[in-house]
Amino acid sequence: MQVPIIRPPQGCERSIALDVDRRTANISKFQTTIIQSKFTSGQGNTMNLHPIDGGIVLVYLLAMLIIGFITERRAAKNINTYFLGNRQMPWWILGMSGSSTYFDITGTMWIVSTFYVLGMRGMWVQWLWCFPFAGFIMAYKAKWAYRSGVLTGMEWLIFRFGRGRAGQAARLTSVIINISLMTLMLGYAGTGVGMFMEEFFAISKNTAVPLLFIFTGFYVLLGGFLSVVYSDVFQTLLLSFAAIYIAVTAFLQIDPVAFRQLVDPDWFSLAPVWRLDPVPAEYPQIFGLLIMLWVSKGVLGLFTAASGVDFQRFRAARSEAEASKVGLAWGTAISIRWGLVIALTIFGLTFLNQTGQAVDSERVLPMIINRILPVGIKGLVLAGLIAAFMSTFDSGLNVAASYIVNDLVKPVWKNATAKQLIKISYLSTILLIATGVLISRHTESIRQIWNPINFALGAALIIPSLLAPYWWRIGGWAYCLSGLITLPAAFFIYFFTEWTELTYFPILTGLNLIVCLVAGLSFPPASPQTLLNYYRKIRPFGWWRPVQRQLAAMGEPCERLPQDRHDLLVAVIATLFFICLYILIMDLVLHNWPRVIALMAVLLLTGGVIYHLWYRRLAPDLPQTDKSDL
């Protein structure tokens with residue numbers, strides 16, 4: 001059957017004008033059926049889900065509750081078990097769990113929207129969230145976190161700055177900012193999943209979000225970190241099935257020749273451009289400046305110390321070598337997300353544009369899922385994508401609760417028992433859920449909350465977090481003052497100005513840099529004992545000459561460990577490896593064979609270098625000991 005293929009104009013909604021140059025191509029019966037279907041968004045008005053699919057989703061939710069009940073007894077043993085799973089989980093499980101955490105439904109909806117609007121140049125936007133982060137994790141950030149011997153990223157600050165007032169001030173500042181960030185992330189997750197649920201169920205966003213938040217929070221309350229990790233592994237399997245199925249379907253069903261005729265000639269290009277023509281409504285600024293903003297934010301983020309969800313999983317590893325391997329498993333497992341993203345983008349451009357209706361780019365993902373998948377498969381995929389929300393939500397919830405318990409309550413309530421602390425974690429979880437629901441109710445689009453998270457609050461500690469792991473001169477007061485001065489400025493700019501991130505992020509980062517350097521040079525660094533302890537355990541690269549001289553004077557070895565000598569080189573090469581891997585997977589779905597061949601060659605070369613410089617030099621798998629000095 002001959003079906004017209006219409007070239008869409010560039011722009012924010014990719015709407016179709018029927019008087020545009022028409023092209024014809026042979027499209028499969030599968031595609032024809034989809035084009036002839038009714039393209040109207042559910043929006044919570046009618047139930048758009050078959051009972052079989054609804055049953056599959058229900059079975060999945062019940063399975064999550066069972067996991068929570070099974071792990072409840074083990075998690076309630078002590079606070080270490082509750083937040084780190086007693087440090088007995090294999091690296092590949094922790095890596096799969098971590099990848100599931102980053103494979104969130106809201107973020108995936110947003111990523112699909114960037115490729116839907118920008119084509120393959122949407123890859124540049126991903127730098128703002130440090131998308132090739134796994135390279136730095138496997139090279140050195142994971143083992144540094146493991147060597148510290150502390151429980152959370154906040155305790156890392158005491159380890160780095162000492163127990164005195166400066167260290168406590170840095171810790172308190174970081175706790176406040178990170179809890180604020182994670183609370184906003186819960187609202188961000190709710191915003192996307194609410195939009196997603198409206199497409200399938202006769203339920204509004206403001207009703208769906210509280211129900212899912214309460215359900216997910218319940219099994220986190222039951223099992224703590226154990227339930228988070230084991231449910232994440234199960235969710236990763238579902239997500240993998242969903243991503244592979246949709247990517248393979250796109251690969252087999254979309255005619256690559258017809259698709260190339262459908263999109264603009266440079267749609268496949270990754271080359272940066274200074275201006276887009278025409279200019280999409282979502283990206284009205286000069287595109288070249290936006291690329292510089294995104295890449296600079298991403299590169300700064302790659303070098304900052306591990307924290308939050310990342311830190312918790314590295315500390316839960318059984319050995320230093322396994323902590324490093326978590327990064328490899330993490331980066332590899334999340335690669336399937338890119339196949340899913342580009343497949344949904346292809347379906348959106350091919351099918352949604354045929355309707356002649358304007359399309360909200362952030363709703364492309366649920367609209368396509370609801371219209372291209374058969375009964376049964378849709379239920380499995382839907383369960384996998386709900387799993388993506390739950391994996392992000394449960395991990396963020398668990399980490400935020402651990403911050404409150406370990407970094408706010410324990411320093412004050414020093415005689416609290418393990419059971420009392422776990423009860424406090426229950427109360428913290430409930431309060432965080434309620435706050436996340438309120439934020440999501442007042443957020444209309446993903447970009448509305450995603451940009452402030454990254455560029456406003458994300459700038460509050462970016463410079464001290466970047467410098468402190470590598471430079472002995474940065475002390476606790478420099479860290480504290482950087483955050484305390486930048487945070488109010490970030491809130492003022494966001495609430496009382498109309499500035500975009502292209503304007504306010506450089507201002508906030510510059511302010512953060514000036515305060516950090518002035519305070520770092522004006523206030524004393526951490527005590528010699530603290531710096532010596534930090535360097536002995538971590539052996540970081542950077543500016544540590546005075547500390548090395550002290551160690552040498554004491555007759556102690558001051559050289560870096562043999563397995564650490566190529567850390568920075570491995571980080572850069574591994575970052576290139578993962579960037580090429582993700583683009584390769586997308587190009588496979590797109591049938592873009594010339595670039596596939598080139599990327600495979602780069603992968604083989606960088607993979608060989610990583611094997612010789614990193615894998616063969618991993619530290620022996622020694623049993624883990626708790627080296628915390630807290």
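All values reported here derive from a predicted model rather than from experimental measurement.
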N/O donor-acceptor pair under 3.5 Å between Tyr504 side chain and Thr497 backbone: no
Whether the side chain of Thr207 engages the backbone of Ile203 through a donor-acceptor N/O pair (distance < 3.5 Å, no angle test) should be reported. no
Quick one: closest heavy-atom pair of Ala459 and Leu508, and the distance? CB-CB, 3.8 Å
Could you tell me whether a side-chain N or O of Asn370 sits under 3.5 Å from a main-chain N or O of Pro366, the two making a donor and an acceptor? no
Run the side chain to side chain contact (heavy atoms under 4.5 Å, CB included) check on Ile56 and Leu382 step by step: do they pass? CA-CA 9 Å; Ile56 292 172; Leu382 186 59; over 6 Å; no
Which word best sums up how the rings of Phe213 and Phe389 line up, parallel for under 30°, tilted for 30 to 60°, or perpendicular for over 60°? parallel
Taking Glu362 for its side chain and Ile446 for its backbone only, find out whether a donor-acceptor pair lies under 3.5 Å. yes
Heavy-atom closest pair, residues Gly190 and Val209: O-CG2, 3.2 Å
Among Val112, Leu344, Thr350, find the one that has a side chain to side chain contact (heavy atoms under 4.5 Å, CB included) with Ile368. Leu344
Show every side chain to side chain donor-acceptor pair (under 3.5 Å) that has at least one partner inside residues 445-455, sequence neighbours left out. Asn451-Glu501
Please check: side-chain N/O of Lys141 versus main-chain N/O of Leu302, any donor-acceptor pairing under 3.5 Å? yes
Value rounded to 0.5 Å, distance of OG1 in Thr500 from CD1 in Ile493: 11.0 Å
Assess whether a salt bridge exists between Arg315 and Glu155, defined as any Lys/Arg side-chain N lying under 4.0 Å from an Asp/Glu carboxylate O. no
Specify whether Trp338 and Phe131 have parallel, tilted or perpendicular ring planes, treating 30° as the upper limit for parallel and 60° as the lower limit for perpendicular. perpendicular
Output yes when a side-chain donor or acceptor of Ser174 lies under 3.5 Å from a complementary backbone atom of Arg171, and no otherwise. no
Please tell me if the side chains of Phe505 and Ile462 come closer than 4.5 Å, counting only heavy atoms from C-beta onward. yes
Quick one: CG on Leu431 to OG1 on Thr435, what's the gap to the nearest 0.5 Å? 6.5 Å
Residue pair Trp413 / Gln420, side-chain heavy-atom distance below 4.5 Å: yes
Does Thr304 use its side chain to pair, donor to acceptor, with the backbone of Gly301 at less than 3.5 Å? yes
For residues Lys378 and Leu49, determine if any side-chain heavy atom of one lies less than 4.5 Å from a side-chain heavy atom of the other. yes
Got a second to check how far Ile453's CD1 is from Tyr188's OH, nearest 0.5 Å? 7.5 Å
Minimum heavy-atom distance between Leu461 and Ser465, given as atom pair plus value: O-OG, 2.8 Å
pair Trp330-Phe133: side-chain heavy atoms closer than 4.5 Å: yes
Any donor-acceptor pair under 3.5 Å from Lys297 side chain to Phe455 backbone: no
Give the intermediate values and the outcome of side chain to side chain contact (heavy atoms under 4.5 Å, CB included) for residues Met367 and Asp360. CA-CA 10 Å; Met367 291 178 70; Asp360 179 354; over 6 Å; no
Quick one: pull up CG in Leu349 and CD1 in Ile346 and give me the separation to the nearest 0.5 Å. 8.5 Å
Just by distance, do the side chain of Thr183 and the backbone of Ile179 share a donor-acceptor pair under 3.5 Å? yes
pair Phe347-Ile246: side-chain heavy atoms closer than 4.5 Å: yes
Quick check: do Leu276 and Leu118 have side-chain heavy atoms less than 4.5 Å from each other? yes
Exercise: identify the closest heavy-atom pair between Ala401 and Leu432: N-CD1, 3.8 Å
Trace of the side chain to side chain contact (heavy atoms under 4.5 Å, CB included) decision for Ile369 with Glu199: CA-CA 9 Å; Ile369 294 296; Glu199 180 67 28; over 6 Å; no
So, for Gly298 and Cys130, which heavy atoms are closest and what is the spacing to 0.1 Å? O-SG, 3.3 Å
Which atom pair, heavy atoms only, marks the closest approach of Pro488 to Gly483? CD-O, 4.3 Å
How would you list, by chain and number, every residue that makes a side chain to side chain donor-acceptor pair (under 3.5 Å) with Gln126, sequence neighbours excluded? Thr114, Trp129
One pair to check against side chain to side chain contact (heavy atoms under 4.5 Å, CB included): Trp110 and Val125. What are the steps and the verdict? CA-CA 10 Å; Trp110 172 79; Val125 191; 3.6 Å; yes
Say you draw a straight line from CG of Leu487 to OG of Ser180; how long is it, rounded to the nearest 0.5 Å? 6.5 Å
Parallel, tilted or perpendicular: which describes the rings of Tyr283 and Phe287, with under 30° parallel and over 60° perpendicular? perpendicular
Within the distance-only criterion (no hydrogens, no angle test), does the side chain of Arg441 pair as donor or acceptor with the backbone N or O of Val437 below 3.5 angstrom? no
Go through the steps for Glu444 and Lys205 under the test salt bridge (charged side-chain N to carboxylate O under 4.0 Å, His left out), then give the verdict. CA-CA 10 Å; Glu444 298 298 327; Lys205 168 190 164 186; 5.2 Å; no
Minimum side-chain heavy-atom gap Cys480-Leu484 below 4.5 Å: yes
Distance col, row Thr486:OG1 vs Asn512:CG, nearest 0.5 angstrom, shows 3.5 Å
Do Asp53 and Phe200 have side chains that get closer than 4.5 Å, going by heavy atoms? no
